[in-house]
Amino acid sequence: MKLDVVSKHLLLIFSWLALWRLAVFMEYAPHASIWFPPAGLTFAAYLLVGWRVVGTMFIACMLSTFWEHMVFQDQRTISELLTSGAIFAVIHNLIYGVSAHLLRGAIEQVDTYNLYHLVMRFMITASVSSFFMALTGMVLLYGGLSLASFKESWLGWWIGDMSGILVLTPLFISFMNRLYPKRGLLTALQFSLPATHRRWSYGAKLLLCSSLLTIVVIMADLFNSPEIACFVFFLALPQMWIVYTETPYRTALSLALYSFLTAALVAVFGVGTQAYIYQFAINVVACSAYFAMGVPALVSANRMLHQKAHIDHLTQAYTRQHFLTLAEQQIKQARRYGQATSLLLIDVDKFKLINDKYGHSVGDRVLERIAVEIKSALRESDILGRFGGDEFMVMLPQTQEDDAFEVAEQIRERLAGLSFVQPDLSVSCSFGVTGLDASQSFQDAFEEADNSLLAAKRAGRNVTLMASETPLRQA
Ligand SMILES: Nc1nc2c(ncn2[C@@H]2O[C@H](COP(=O)(O)OP(=O)(O)OP(=O)(O)O)[C@@H](O)[C@H]2O)c(=O)[nH]1
């Protein structure tokens with residue numbers, strides 16, 4: 001979204017005040033709300049934009065003090081309001097600005113593997129900074145409070161700010177990232193799981209979570225039972241389901257909705273006596289969800305690595321290492337059931353000349369095409385691997401050497417007949433074929449096939465030779 005600088009700052013002030021009003025609106029008692037969403041916006045703004053927002057956030061804090069005066073109609077004079085507004089603005093911006101600044105570097109460098117590290121730092125920073133905010137706020141703004149009222153209020157302030165930061169910062173960052181695009185930010189979180197995991201729609205999952213939460217709050221209120229209220233901690237389970245099956249953005253959104261609904265229900269039902277349970281639950285569920293986010297991130301990274309380790313990216317044949325693993329398995333199985341197995345080695349003839357004449361990218365396309373052609377001549381159970389460079393290997397289960405020779409010949413003829421975009425480009429390949437007997441290791445068979453392949457090259461190329469008909473190389 002393209003907005004000029006002034007509009008961006010005005011939007012920030014407006015959003016901050018709207019969130020502040022929302023928090024007041026959802027208070028279950030005067031000055032007591034389950035959470036404080038503006039803290040999350042301040043944190044997100046400092047994380048994403050840095051100290052450039054200090055003036056903007058300062059104005060928002062000052063305005064909220066005056067608005068608070070109008071809402072609660074307290075007895076403060078203009079100068080008292082200016083003083084307390086300024087104190088609030090200074091500590092709010094100083095504490096959250098410095099904390100976000102300390103976390104900024106970690107956010108910029110986040111990737112799948114250090115996500116848990118970022119989550120840990122985020123949780124510690126959010127809890128420590130909100131603790132200092134509550135403490136300094138209580139002392140500097142409400143210094144005249146009795147010890148009893150102090151004790152009563154500081155914990156609610158602390159946990160309320162903490163949940164505002166923990167639950168909402170990621171969501172606000174993803175919203176604000178559109179206004180303040182930061183390259184590389186949160187790219188590690190742009191993974192997704194296969195659609196097979198998503199049997200329920202996102203909306204249905206949200207509906208389930210909200211219904212369960214509503215039932216718990218109503219029941220706890222009906223029976224005036226903090227024990228029933230404790231069931232909200234179990235909502236971590238459906239929330240995990242969302243984490244494991246939806247994108248990080250959707251997780252952040254569902255956490256925000258869950259917290260919003262909790263605060264709204266507590267306000268509507270006036271269950272202030274159980275407020276701490278709900279406050280703690282919001283934080284615990286959010287922290288568990290963030291930690292759990294690491295799991296699908298790692299699963300998705302693992303899948304990518306697995307793919308890289310097993311599949312050659314150019315030809316889509318198996319990599320040499322994975323081919324060897326599959327070949328060993330095949331040999332064991334053939335031994336157990338007394339089955340024949342054969343091995344083909346295929347090497348492109350004079351491939352260097354193709355590279356030299358047409359360039360490496362044409363060479364790459366040729367290798368891709370050769371792999372496709374070989375694959376299409378094979379059965380489902382045959383195993384194609386790229387040995388390296390312009391050399392391929394094929395394991396043919398339940399195939400005698402003579403039959404393997406026929407397969408090799410079919411492939412050889414097919415490859416020799418290929419035509420390419422470049423009219424004068426043609427390829428041919430040489431083949432070494434061997435049948436494995438029961439006592440043979442893969443290495444022995446490979447040596448034999450390689451010997452036949454070399455002999456095929458010496459015989460003029462575009463030739464298939466069987467190991468049983470190839471004289472052994474002199475050492
Ligand atoms: N384009 C491309 N070239 C590759 C790749 N891997 C290896 N090569 C090239 O493939 C060529 C293989 O050449 P050699 O096997 O030594 O010999 P050749 O020219 O094929 O000749 P003969 O095997 O004796 O018929 C080398 O020039 C490598 O640089 C690749 O992934 N892409």
Side-chain angles (χ1 to χ4, degrees), residues 304-327 342-378 382-396 401 404-405 407-434 442-467 469-475:
M304 239 166 57
L305 287 177
H306 188 270
Q307 175 88 358
K308 274 190 181 160
H310 289 189
I311 309 285
D312 173 57
H313 77 281
L314 180 67
T315 61
Q316 303 304 309
Y318 289 123
T319 56
R320 177 175 174 162
Q321 201 53 43
H322 191 54
F323 178 89
L324 292 180
T325 309
L326 296 177
S342 294
L343 176 70
L344 309 185
L345 286 192
I346 309 170
D347 189 286
V348 187
D349 296 330
K350 302 282 184 196
F351 187 61
K352 187 172 179 314
L353 292 182
I354 295 179
N355 271 336
D356 291 347
K357 185 167 176 194
Y358 301 96
H360 270 77
S361 48
V362 172
D364 283 353
R365 302 292 81 75
V366 170
L367 287 177
E368 275 172 7
R369 180 85 185 277
I370 288 174
V372 169
E373 293 298 329
I374 298 176
K375 191 101 192 161
S376 62
L378 296 176
D382 298 335
I383 306 164
L384 171 65
R386 184 179 179 198
F387 187 74
D390 61 347
E391 211 170 330
F392 295 89
M393 328 176 257
V394 182
M395 196 83 182
L396 301 166
E401 191 180 79
F405 177 83
V407 174
E409 274 296 275
Q410 274 172 25
I411 300 174
R412 189 185 62 73
E413 281 165 18
R414 187 192 275 235
L415 293 176
L418 282 183
S419 53
F420 295 88
V421 184
Q422 297 76 5
D424 54 342
L425 173 58
S426 63
V427 291
S428 70
C429 294
S430 300
F431 291 70
V433 181
T434 188
F442 177 81
Q443 195 51 39
D444 293 342
F446 182 85
E447 299 287 337
E448 281 183 9
D450 196 35
N451 182 47
S452 301
L453 176 63
L454 284 175
K457 291 272 180 188
R458 280 197 298 270
R461 297 180 171 80
N462 195 17
V463 167
T464 303
L465 281 183
M466 285 192 287
E469 294 178 350
T470 316
L472 278 179
R473 245 174 307 175
Q474 298 302 311

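The analysis underlying the following values was restricted to heavy atoms, covering all of them including side chains, and did not include hydrogens, waters or symmetry mates. Both counts, for ligands and for their atoms, begin at 1 and track the order of listing.
In this structure, the separation between CD on Gln307 and OG1 on Thr319 is 10.5 Å, given to the nearest 0.5 Å. With rounding to the nearest 0.5 Å, the separation of SG in Cys429 from CZ in Arg461 is 11.5 Å. Interatomic distance, Phe446 CZ to Leu324 CG, rounded to the nearest 0.5 Å: 8.5 Å.
Taking distance alone, with nitrogen or oxygen atoms compared against 3.5 Å, Asp349 stays at or beyond that limit from ligand 1.
Interface of Gly363 with ligand 1, defined as ligand atoms under 4.0 Å from a residue heavy atom, comprises 1 (N). Within ligand 1, the atoms closer than 4.0 Å to a non-hydrogen atom of Lys457 are 22 (P), 23 (O), 25 (O), numbered from 1 in the order shown. Within ligand 1, counting atoms from 1 as listed, the ones closer than 4.0 Å to a heavy atom of Lys350 are 18 (P), 19 (O), 20 (O), 21 (O), 22 (P), 25 (O). The contact set between ligand 1 and Leu367, taken as ligand atoms under 4.0 Å from a residue heavy atom, comprises 30 (C), 31 (O), 32 (N).
Within a 4.0 Å radius of atom 2 (C) of ligand 1, the protein contributes one or more non-hydrogen atoms. For atom 16 (O) of ligand 1, no protein non-hydrogen atom is found at a distance below 4.0 Å.
When atom types are taken as modelled, the side chain of Arg414 and the backbone of Gly417 share no donor-acceptor pair closer than 3.5 angstrom. At distances below 3.5 Å, not a single donor-acceptor pair connects side-chain atoms of Thr434 with backbone N or O atoms of Leu343. At least one donor-acceptor pair under 3.5 Å links the side chain of Ser430 to the backbone N or O of Asn462.
The nearest protein atom to atom 32 (N) of ligand 1, hydrogens excluded, is given as Asp364 OD1, 2.6 Å; this is a heavy-atom distance. Scanning the protein heavy atoms around atom 27 (O) of ligand 1, the nearest turns out to be Lys352 CG, 3.5 Å. Given atom 9 (C) of ligand 1, the protein heavy atom at minimum distance is Asn355 ND2, 3.3 Å. Counting protein heavy atoms only, atom 5 (C) of ligand 1 is closest to Arg386 NH2, 3.8 Å. Remark: minimum distance from atom 18 (P) of ligand 1 to any protein heavy atom is reached at Phe351 N, 3.4 Å. Protein heavy atom at the shortest distance from atom 6 (N) of ligand 1 is Gly389 CA, 3.3 Å. For atom 24 (O) of ligand 1, the nearest non-hydrogen atom of the protein is Arg461 NH2, 2.9 Å. For atom 14 (P) of ligand 1, the closest heavy atom belonging to the protein is Asp390 OD2, 4.3 Å.
The minimum heavy-atom distance between Asn355 and Gly363, with the atom names listed, is OD1-CA, 3.5 Å.
Electrostatic pairing of Asp382 and Lys375 does not count as a salt bridge here, judged by no charged N lying under 4.0 Å from a carboxylate O.
Just one residue in the list Leu453, Leu454, Val433 forms a side chain to side chain contact (heavy atoms under 4.5 Å, CB included) with Leu345, and that residue is Leu453.
Both the sub-6.0 Å distance and the 45° axial angle are satisfied by Arg369 relative to the ring of Phe420.
Only the backbone of Val348 comes within 4.0 Å of ligand 1, counting heavy atoms alone; no side-chain atom from C-beta on gets that close.
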